[in-house]
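Below, read A as the first sequence line, B as the second, and so on, with proteins coming before strands; counting in each chain starts at 1. From a predicted model like this one, the values you see are computed outputs, not experimental measurements.
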2 protein chains.
Amino acid sequence: MAFQKERSAGYLANQMARLFAKGLHERIRPLGLAPAQFMTLLALWDEDGLAQSELVRRLDVEQATMANTLTRMERDGLIERRANPDDGRSQAIHLTPRAKALRDPATTAARAQNETALAEFTDEERQTFLALMRRAIAAMHKD
Amino acid sequence: MAFQKERSAGYLANQMARLFAKGLHERIRPLGLAPAQFMTLLALWDEDGLAQSELVRRLDVEQATMANTLTRMERDGLIERRANPDDGRSQAIHLTPRAKALRDPATTAARAQNETALAEFTDEERQTFLALMRRAIAAMHKD
DNA sequence: CAATGATATATAGCTTGCTATGCAAACTGG
DNA sequence: CCAGTTTGCATAGCAAGCTATATATCATTG
């Protein structure tokens, strides 16, 4: 039997993630943000001054990916890298006032994007959907 | 209330898609394939000789993205671009023997990746999951 | 304490996305 | 028929992923 992409979870996941990212990007572009920057800000709004290694752990991306994202965020005036007095290898990542001010509008934009995607889902379907995605993630994580 | 990434469909979709892509990439790397190349091959195994514009329609990526993917596939000996005698603008994309030979091992690899992700899902959960993803995709597509 | 190993970050190089442009070929309405 | 629009493709430039390597600092252990 042929491999049908419409029935492939991986294919659908890819397409869905691209649409989420595209929609979010459109909404936060006026704020001067890109999706990975927003994701990183989520962690820093929650706790400022984290080390790069801790951001890598919390966001589950490769270290090199995070290093590059942080470089772009520094360029764009969203973060500062400050030396860590206790450990000459690491740097604490601190938010600028500009980044702090973006918290409300950016999270509002992200909520709106999720709402667009799940507009016709019932509350139960939303819970089910999130739970199934978490399980698929956990299964691939293990492997 | 804080925006919690663990409860965000978009965040989970991104993470899940990255894990699918990474797992698939590992499995098809020995075949000399990358994920977007595999996706493109799916369409061409189904129907050889399509125009680039038709591939764009079927795979729902931007035209520039497809043009670049095809350039890499041509470089890697997977496809040939042949002039279309009926329309001087378009070119028919044809599979090489090498690409044709990859159909079985590559689709087997993709199925294995899907199976890893959904290993602990019941048949009903799998159907539900695919249906919910399709609905989220359709909702974002409309908007 | 010196050698070895582990950890934190940076950098190079690649793929896959995207938007924005440019250009040539084909089509169409006056 | 031809001016203007549409269509098909390529290219430039950027973001964000990844792997693989390099380097510096810290930790451990013999």
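- Met66(A) has its CE atom 10 Å from the P atom of dC18(D), to the nearest Å.
- To the nearest 0.5 Å, atoms CG (Asp60(B)) and CG (Leu19(A)) are separated by 6.5 Å.
- Annotation: side chain of Leu42(A) is not in contact with side chain of Leu59(A) (no heavy-atom distance under 4.5 Å).
- For Gln63(B) and dT7(D), the shortest distance from a side-chain N or O to OP1 or OP2 is not below 4.0 Å.
- You'll find that the side chain of Lys22(B) is closest to dT19(D), out of dC26(D), dG17(D), dT19(D).
- Here the side chains of Asp123(A) and Gln127(A) are not in contact, with every heavy-atom distance at 4.5 Å or above.
- Candidate nucleotides dA10(D), dC18(D), dA15(D) were compared by shortest atom distance to the side chain of Ala34(A), and dA15(D) ranks first.
- Atom CD of Glu74(B) and atom P of dT11(D) are 11 Å apart (whole Å).
- No donor-acceptor distance shorter than 3.5 angstrom exists from the side chain of Arg27(B) to the backbone of Ala110(B), with no hydrogens or angles considered.
- Relative to the side chain of Gln37(A), the nucleotides dA15(D), dA16(D), dA20(D) differ in distance, and dA16(D) lies closest.
- Residues Leu70(B) and Arg29(B) each lie close to DNA chain D; by heavy-atom proximity, the contact nearer the 5' end of the strand is made by Leu70(B).
- Mapping Ala67(A) and Thr69(B) onto DNA chain C by nearest heavy atom places Ala67(A) closer to the 5' end of the strand.
- Between Ser90(B) and dT7(D), a side-chain N or O to OP1/OP2 separation shorter than 4.0 Å is absent.
- Here the CZ atom belonging to Phe129(B) is positioned 12.5 Å from the OG1 atom belonging to Thr122(B), to the nearest 0.5 angstrom.
- For the pair Arg89(A) and dA27(D), the criterion of a side-chain N or O lying under 4.0 Å from OP1 or OP2 is not met.
- In this structure, Ala21(A) reaches neither bases nor backbone, as no heavy-atom distance under 4.0 Å exists between it and the strands shown.
- Distance His25(B) NE2 to dT19(D) P: 9 Å, rounded to the nearest Å.
- One atom, CG of Asp76(A), and another, P of dC14(D), lie 12 Å apart when rounded to the nearest Å.
- Counting any heavy atom pair closer than 4.0 Å across all strands shown, Asn14(A) reaches sugar-phosphate atoms only and no base atom.
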Inset, instruction - Apply side-chain contact (heavy atoms from CB on, under 4.5 Å) to Leu132(A) and Leu118(B), showing your working. - result: CA-CA 9 Å; Leu132(A) 292 172; Leu118(B) 308 184; over 6 Å; no

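- Between Met73(A) and Leu41(A) there is a side-chain heavy-atom pair separated by less than 4.5 Å.
- Separating the CG atom of Asn84(A) from the C1' atom of dC26(D) is a distance of 12 Å, rounded to the nearest angstrom.
- On the nucleic acid side, DNA chain C contacts chain B at distances under 4.0 Å to non-hydrogen atoms, with the end points of that region at dT15(C) to dA26(C).
- A donor-acceptor contact closer than 3.5 angstrom links the side chains of Gln52(B) and Gln63(B).
- Across the protein-nucleic acid pair, Glu62(B) atom CD and dG8(D) atom C1' stand 14 Å apart, rounded to whole Å.
- For the pair Asp87(A) CG and dT25(D) C1', the interatomic distance rounds to 7 Å; values are reported in whole Å.
- In this structure, Leu19(B) atom CG and dC18(D) atom C1' are separated by 12 Å, rounded to whole Å.
- Not one side-chain nitrogen or oxygen of Thr65(A) sits closer than 4.0 Å to the OP1 or OP2 atom of dA16(D).
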